[in-house]
Amino acid sequence: MYKWEEKDGHIIIYNLTNFDPFHTFHCGQCFRWNRLPNGHWLGVAYGLALDLEWDGKNMILYHTTPEQFLHIWHPYFDLGRDYGDLKAKLSQNDSVMAEAIRFGQGVRLLKQDFNEVAISFLISQNNGIPRIRKIIESLSAAFGRPIEHESGTCYAFPDPKRLSELTLEDLEVIRAGYRDKYIYRASRQLYSGEVNMDIVLGPDKESSRQEMLKLFGVGEKVADCILLFSGARTDIFPVDRWVKRVMAELYLGHEASYEELNDFAQKHFGGLAGFAQQYLFYYARENKIGM
DNA sequence: CCACAGGACGGCT
DNA sequence: AGCCGTCCTGTG
């Protein structure tokens, strides 16, 4: 599908299609990528900091080894998936989706760390993106492992053990508001293994969701975000205000409940519902659909 | 000063 | 099962 090589300590992926970091980092799935003054992107994931350059055709991952690329970044950027095929299937007999895909052609579904996604989306509730990013950054800076990088010190997202040791008092510095109690309890639940990952990753969607709902502070919407953005499932359709609006305006013609939208998505998009959600979110938010 | 933001909890009916 | 007041904090 594409060729890659290691060169001077960097990894270069040539002629990568169906990718654009701006699209991928702005479709609501991640919070820890920033644009650098030189146009590169700096992100933190899986305890690593990554300097990424995109020239519209090739992707350069600076200071990365082939091992790291194959074990972490290849799955992270979902490079093994045929997005051309997936787009064709979603676009068939659906002019709305075809347009959304044309607009966000570079969206990819990132495979992110389960615990990080769980805590991050728990924080996201009733909050805007800038504040979500701020809180996650504070949490990492205060309790995560420092990662030295030429553009400054980055901080890894704290691991489950570290999170489970934090007191409510410790958490005050991140200014999460009432969500600190959710972080406190959910972290302990995650570290203790209360969430059965065999069920989460199992074949039955409803069982996966029920398993996520065990976490204190996690409701229907956040449960779906965690399942989709950790790569546990792709047949999930999280509905936030943007998706709600774009569905009402371009598909249904009326405001619909979470359940109705999920039923529609399952029938209409099937196992690709998660990708459909990402294209629709990006399309709706960038074009301010419904505002 | 008030409304509301990429929701969820807990108590009520 | 469904409704609704309440929850921290920042921004407009």
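Keep in mind it's a predicted model, so treat the numbers as computed, not measured. Lettering of chains follows the sequences in order, A, B, ..., and the numbering in each one begins at 1.
Trp242(A) places its CH2 atom 14 Å from the C1' atom of dC4(B), with the value rounded to the nearest Å. Remark: C1' of dT9(C) and CD1 of Ile183(A) are 13 Å apart, rounded to the nearest angstrom. At whole-Å resolution of the value, CZ in Arg179(A) and C1' in dC7(C) are 9 Å apart. Atom NZ of Lys244(A) is separated from atom P of dG7(B) by 11 Å (rounded to the nearest Å). Across the protein-nucleic acid pair, Asn126(A) atom CG and dC8(C) atom P stand 12 Å apart, rounded to whole Å. Atom CD1 in Ile123(A) sits roughly 16 Å away from atom C1' in dC7(C) (whole-Å rounding). In this structure, Arg241(A) places its CZ atom 10 Å from C1' of dC4(B), rounding to the nearest Å. Taking atom OH on Tyr258(A) and atom P on dA1(C), their separation rounds to 18 Å, with Å as the unit.
Pair assignment for dA5(B): dT9(C), on the basis of Watson-Crick or G-U wobble contacts that are both within less than 3.5 Å.
Under 3.5 Å, the side chain of Arg131(A) and the base of dT9(C) form at least one donor-acceptor pair of N or O atoms.
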Residues Tyr62(A), Glu53(A); criterion side chain to side chain donor-acceptor pair (under 3.5 Å); working and verdict: CA-CA 8 Å; Tyr62(A) 287 97; Glu53(A) 183 183 5; 2.4 Å; yes
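Spacing of P atoms, dG11(B) relative to dC8(C), comes out at 15 Å, to the nearest Å.
Other residues, nucleotides and ligands contribute more than 12 heavy atoms inside 6.0 Å of the CD atom of Glu5(A). Counting heavy atoms of neighbouring residues, nucleotides and ligands inside a 6.0 Å radius, atom NZ of Lys205(A) exceeds 12 of them.
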Summary of protein contacts for nucleotides 8-13 of chain B, nucleotide by nucleotide, where a base hit scores B, a sugar-phosphate-only hit scores S (4.0 Å, heavy atoms): SSS---
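A cation-pi arrangement is present between Arg188(A) and Tyr184(A), with the terminal nitrogen or guanidinium carbon under 6.0 Å from the aromatic centre and inside a 45° cone about the axis. Judged by the 6.0 Å distance and 45° axis criteria, Arg108(A) is positioned over the aromatic ring of Tyr83(A).
Of the candidates Asn262(A), Val200(A), Val218(A), Arg209(A) forms a side chain to side chain contact (heavy atoms under 4.5 Å, CB included) with just one, namely Asn262(A).
Relative orientation of the Phe31(A) and Phe121(A) rings is tilted, given thresholds of 30° and 60° on the angle between their planes.
Contact annotation: Arg175(A) side-chain N/O to dC8(C) OP1/OP2 distance is not under 4.0 Å.
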